[in-house]
Structure formats: C-alpha cells, structure tokens
Amino acid sequence: MTDLPPTLAQYETRAEQALPPAIAAYFLRGAGAGHTMQRNRDDLNAVQIVPSVLRDLRGGHTRVQLLGRTLAHPILVAPMAYQTLLHPQGEAGTAAAATAQEAGMVLSAQAAQPMAEVRAAGDACRWFQLYWMGSRAATLTLASRAAQAGFEALVLTVDAPVSGIRDAEIETRFQLPDGLSAVNLHDLPSPSFAPLTETESALFDRVAHVLPRWEDIAWLCENAPLPVLLKGILTPQDARNAIQAGAAGVIVSNHGGRVLDGAPSAISALPSVVRAAGGHPVLMDGGLRRGADVFRALALGASAVLVGRPVAHGLAVAGAQGVSHVLRLLRDELEITMALTGCARLDQITAQTVRAPFMSS
Ligand SMILES: Cc1cc2nc3c(=O)[nH]c(=O)nc-3n(C[C@H](O)[C@H](O)[C@H](O)COP(=O)(O)O)c2cc1C
C-alpha cells in the first residue's frame, strides 16, 4: 500500500517532486507569468468564512440536484487532457476514483484513453467535454459519439479558441511523447488550410474562420443529442448570451489560468455570472484547493464546482488511490466547514456565510 500524503498541500508538494520538469510545467503551471493562476488562489483566500455556533446539524448532508440527477456532493473532476502522462492508469483511474467517491467527472476531449474504456472504468464519468471541431458537422459527430457512449451532458469549452502562451512549457520544451494522442478525435475531419500568402496573418486569416461564433453555439444547443454547458464564462454578458443560445448552464472558469494570463479570477467573476444566468446552473472552477474553497464558491452562488490540479496531484502521487484520497479530503473538509458555519445542507451556504471583497461587482 502506497504511503499516502496526509493533506492536500502535501499531495501538491509530492506531485511536484515526482513529475519530470516538462510534465510538471504542463500540469501544474499556468499561462504567461502565472498571474491569473495565482489570482484564482489569492481571491479565494480573500473570502472570509463566517462561523455560526450551536446550530442544529441533525440530518445534514451535501446532496445536490444537477441536470436531473442527485449527486452525493457538489465536487466534480474537471476535464484534464492526457492523464496517462501522470500515471499509467490515466483517465480510467480517475474515473474509478471519482466513482468510489461519488464525484461527478468530466472527460476531456483530449483524453489519452478511448471514451468507452473510461466510461467502463467508472459510472461517475457522465459528462463529456469537447471543443469546437472546426465545423458544425464534425462537432456534432463528436457530440453524438459521446451520447452513444452513455454520456449525459456535453461541456463545450469556449475559452481556448487558441492555445494560451505558457512560458513554463516553452522553457521546459514540453511536448507530447510519441504514442500519446487524443485518441477520441483520431478519425474526425479537421480543417485543411491552404498555404498562407506573405501578407496573411496565420491567426486571423487561417484560424479565425473555423472558430465558432454565438450562432454556431445556438445551432449546437438545438441539434446536440445532450444538454450543453458552456465552460469558460467570466462575464455576465457572456452568461446571458450562453443562456440565450440555449445552454443548459455555464461553468465560470479561466481554464485554471492556462489561457489568458491577466484574466480575472474565477471566484471574483462568479457572483455577477450567477445573477445573469437567471437560475440556470452555474458551476465554477479555478484554484480550489481545499474543502473551504468549495464552500466559498457555493456561498457565492455556484451550484457545484470542478477541481483540476488537485486531481492531477492525486493521480501523479498514487494513481486512482491518490485521486480517491484527494476527493475524500475535499469532501471531509467541506463537511467540516459546513459544521463550523452551522450549515446542515448546501442551500444554507448563502452569501451571508462569507464576506467577500467583490460580492457586489
Ligand atoms: C493539465 C491540464 C489540462 C487541462 N485540459 C483541459 C481540457 O482538455 N479541456 C478543458 O475544458 N479544460 C482543461 N483544463 C482546465 C480544467 O478543466 C479546469 O478548468 C482547471 O484545471 C481548473 O483549475 P484548477 O486546476 O486550479 O482546479 C485543463 C487543466 C489542466 C491543469
């Protein structure tokens, strides 16, 4: 039996020590100089949690309803690409661990393992994340395959139409090893590009015409066989556009600070997005490292949260067993935070249970 780290912080330290520098750069660092990634943490820490004593906690639980299902608790595993880089068990190991801890899981389109295999490893993996595939037809093909594989919702990530500039990856020369690829995308058509003329911009002339616009999102929401959540929403206007386009909900996220360095923290963007979403589910991720952070996000209006890097730490340190332990620690910490604030149920975690500098923004 592996000697498991006793705290979430030690998982992070141990993962950092265990991973080769280029892989650590890919999983653990952010875009640019890492300011947004750090801001996710700083702004969460700035949310004070207000204790409340001697309250009745009998019959307490952490159950939550989401897209027609009851989850045992509001912590989901965020989509993360290429998890076999962290441990040979990869996404299947994460799915087994999420299932053991009754956590929802979102499988990345850039998973290293076939979606059917991951589904078979753990029933908790019920949502499939995808990017726009360059055309309506290709995007719908992928969405339909996910539905056939038994997924129940699609998470369309809209905040990374182009890759962010990740200094740490450039400096460590990160590249995918031979034999590792996004296996679920292999046979999908990808856009072909004519050679650029001297005056053309690679980004604006070559790429921009295959990027989706709001009318494409509305088309997908209308035609996809599953409900679609949009991931990567940070402003009330984008939230309103998403709901108007037919999204079943939104995920407030800056991609864990991996795309636009300088973007606001996810937690600071959350309250205004919740107000704009008009009662639709709003999930949030970015910087959550403790159960208390999950509490903070719920207090500012999140219906549920996703965690990325803490799961990567668990997988790197001890495979599925490590992920399971990380999720257990997060659950336990959330429950303890609830007890100390007098909350027996998630609906009691309101804005009154915290003090946040950006609550009215
Ligand atoms: C190594 C890595 C790979 C990721 N891959 C994806 C991906 O394929 N699709 C996606 O929508 N988000 C991806 N994300 C973003 C996560 O889903 C999530 O938004 C982010 O990790 C949350 O922040 P946290 O890591 O601080 O919890 C990735 C994040 C990391 C760290």
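The figures that follow rest on heavy atoms only: side chains count, while hydrogens, waters and symmetry mates do not. As the structure lists them, so they are numbered: ligands from 1, and atoms in each ligand from 1. Count residues from 1 along the sequence.
- In this view, Thr99 satisfies the side-chain hydrogen bond (donor to acceptor under 3.5 Å, both in side chains) rule with no residue, not counting sequence neighbours.
- Taking Asp178 as the reference, nothing meets the salt bridge (Lys or Arg N to Asp or Glu O under 4.0 Å) condition, with sequence neighbours excluded.
- Crowding of Gln237 atom CD: a count of heavy atoms from other residues, nucleotides or ligands under 6.0 Å exceeding 12.
- One finds no salt bridge joining Asp159 and Lys231 here, because no Lys/Arg side-chain nitrogen approaches an Asp/Glu carboxylate oxygen to under 4.0 Å.
- Salt bridge annotation for Arg328-Glu333: absent, with no cationic side-chain nitrogen under 4.0 angstrom from a carboxylate oxygen.
- A distance limit of 4.0 angstrom between heavy atoms and ligand 1 selects the residues Tyr26, Phe27, Ala78, Pro79, Met80, Ala81, Ser108, Gln110, Gln129, Tyr131, Thr157, Lys231, Ser253, His255, Gly256, Arg258, Asp285, Gly286, Gly287, Arg289, Val307, Gly308, Arg309.
- Using a 4.5 Å cut-off between side-chain heavy atoms of Ile, Leu, Val, Met, Phe, Trp and Tyr, Val53 falls into a hydrophobic cluster with Leu54.
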